[in-house]
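Below you'll find the structure, written out as structure tokens, and then a few comments.
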Protein chains: 2
Amino acid sequence: MTTETFPTTPRTTPHRKRDRVSYQRATAAAIIDEALYCHLGFVVDGEPRVLPTLHARIDDTLYLHGSTGSGPMLAARGAGLRVCVTVTHLDALVLARSWTHHSVNYRSVVVHGVAHLVTNEDEKWRALAALVDKVGNGRSADSRPPTPKELAEVAVLAITLREASVKARLGGAADDEEDLALPYWAGVIPLRLTPGRPQPDKGVRVPVPAYLPASDCDARPPADARVTAGPDSG
Amino acid sequence: MTTETFPTTPRTTPHRKRDRVSYQRATAAAIIDEALYCHLGFVVDGEPRVLPTLHARIDDTLYLHGSTGSGPMLAARGAGLRVCVTVTHLDALVLARSWTHHSVNYRSVVVHGVAHLVTNEDEKWRALAALVDKVGNGRSADSRPPTPKELAEVAVLAITLREASVKARLGGAADDEEDLALPYWAGVIPLRLTPGRPQPDKGVRVPVPAYLPASDCDARPPADARVTAGPDSG
């Protein structure tokens with residue numbers, strides 16, 4: 001059984017703004033699970049690389065999706081690849097009366113660890129199911145699972161969640177007292193990654209599954225969704 | 001005058017899916033400019049670090065916001081810090097009839113370079129103005145500029161855009177022919193980072209500036225925005 005917090009290490013101790021940092025496993029898990037993608041960092045010949053990729057968490061393991069031929073997947077063979085995986089939600093723009101106090105509200109998790117290629121077929125299957133279920137809980141049971149050949153062609157990296165930190169900013173503008181009377185608008189503009197109206201593929205005869213995210217903007221779907229919205233319009 | 005494309009280098013040549021990669025400067029600039037934040041990768045004692053941060057582009061220079069005391073800013077003193085900066089937009093979930101062809105539509109730019117601390121005060125001022133103007137064009141003229149002390153307390157990194165690649169996926173599900181008759185929903189769910197209704201700070205008497213992003217969901221503002229929406233409600 002794991003403890004409720006990650007241990008603090010030199011890598012996860014910030015140089016500044018320590019009040020924004022925490023080490024709660026449950027908080028980190030919630031941020032990771034809500035995110036649809038992450039940024040994978042690794043080192044090649046002493047140089048940094050950062051690539052966006054898809055992830056899913058099962059208990060204390062973070063799985064990353066890849067191809068058997070991609071750089072980090074090849075590098076992770078054998079002893080594994082040292083990685084830093086970062087997940088970020090941008091929650092709001094924060095406008096202050098002064099330039100200096102302009103900011104953003106966000107939640108991020110930085111994970112440090114060693115990524116290993118998943119070689120066990122059962123584990124790989126479970127990781128892929130979790131990746132597919134990120135789009136909606138139940139999707140993996142409502143689509144065709146991989147053939148043995150397809151399973152062999154995909155690569156999955158596993159990172160045990162042992163060392164991580166959460167950083168977040170919440171709240172409004174933090175202007176200096178003497179700036180409060182300045183005639184500038186200040187406040188918060190919330191931001192959300194919003195699903196638009198589902199656009200069915202040509203020939204799809206079944207309704208939009210209930211497990212998919214509901215559009216937040218039903219009254220005003222994105223312009224690019226209007227043309228093809230509705231079953232069989234493609 | 002710069003050329004229209006970035007040169008291809010070993011670092012920017014992908015191992016796979018080369019048809020998704022391009023090197024157009026204008027495309028990279030548009031993706032960078034649309035993004036409100038980026039992920040900064042660098043190496044510390046041979047280990048990768050990836051941190052979210054704010055950026056702004058002016059011509060062929062990418063500026064990153066930081067504090068004078070933060071790790072990468074300290075490391076960038078002197079000869080500079082080798083970095084990889086990645087910007088990603090997640091544009092859609094792509095659901096296929098098979099697990100294997102589930103995907104996402106996205107646009108990303110990966111920049112390789114050496115980051116230097118901006119020491120010239122005029123350049124630092126222009127970079128900060130560009131960072132403030134990311135929230136809305138004109139914001140820097142409609143808020144209080146930094147005092148000399150404030151200017152000294154913020155750090156800005158500059159990276160010349162010399163080596164970068166663009167990667168993108170567009171389009172719908174790419175199911176195998178023999179899967180098209182399977183009874184599963186397939187298609188695209190568009191995603192957008194959507195601004196909610198502006199929440200004014202306590203005491204703000206001026207209207208919401210026209211340069212701020214208009215809410216895409218006026219009919220249904222986010223639940224957390226309803227309480228404080230409207231001037232002076234805080």
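All figures in this text were calculated on a predicted structure; none of them were measured in a lab. Numbered from 1 within each chain, the chains take letters A, B, ... in sequence-line order.
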### Task
Heavy-atom distances under 4.5 Å only: say whether B/V94 touches chain A with side chain, backbone, both or neither.
neither
### Query
Is there side-chain contact between B/Y184 and A/P209, with at least one heavy-atom pair below 4.5 Å?
no
### A/D45 CG: over 12 foreign heavy atoms closer than 6.0 Å
no
### Task
Counting only heavy atoms closer than 4.5 Å, note whether A/V83 contacts chain B via side chain, backbone, both or neither.
backbone
### Task
Answer yes or no: is there a side-chain heavy-atom contact under 4.5 Å between B/L151 and A/T100?
no
## Note on the structure
Bottom line for A/V85: the part with an atom under 4.5 Å from chain B's heavy atoms is neither
## Note on the structure
Applying a strict 4.5 Å limit to non-hydrogen atoms, the region of A/L191 in contact with chain B is both
### Task
Under 4.5 Å heavy-atom distance to chain B, tell me which part of A/L54 shows up: side chain, backbone, both or neither.
side chain
#### Entry: Under 4.5 Å from a heavy atom of chain A, the part of B/A129 involved
both
### Task
Give, as side chain, backbone, both or neither, the part of A/D176 having an atom under 4.5 angstrom from any heavy atom of chain B.
side chain
### Task
Please state whether the rings of B/H39 and A/H39 are parallel, tilted or perpendicular, taking 30° and 60° as the class boundaries.
parallel
## Note on the structure
Bottom line for A/S140: the part with an atom under 4.5 Å from chain B's heavy atoms is both
### Heavy-atom contact with chain B under 4.5 Å, split by part of A/L93
side chain
### Task
Indicate yes or no: does A/R97 engage B/D201 in a salt bridge with an N to O separation below 4.0 Å.
yes
### Message
A side-chain contact here means heavy atoms from C-beta on lying under 4.5 Å apart; do B/E47 and A/H112 qualify?
### Response
no
### Message
If we ignore hydrogens and angles and just use 3.5 Å, is the side chain of A/T86 paired with the main-chain N or O of B/V50 as donor and acceptor?
### Response
yes
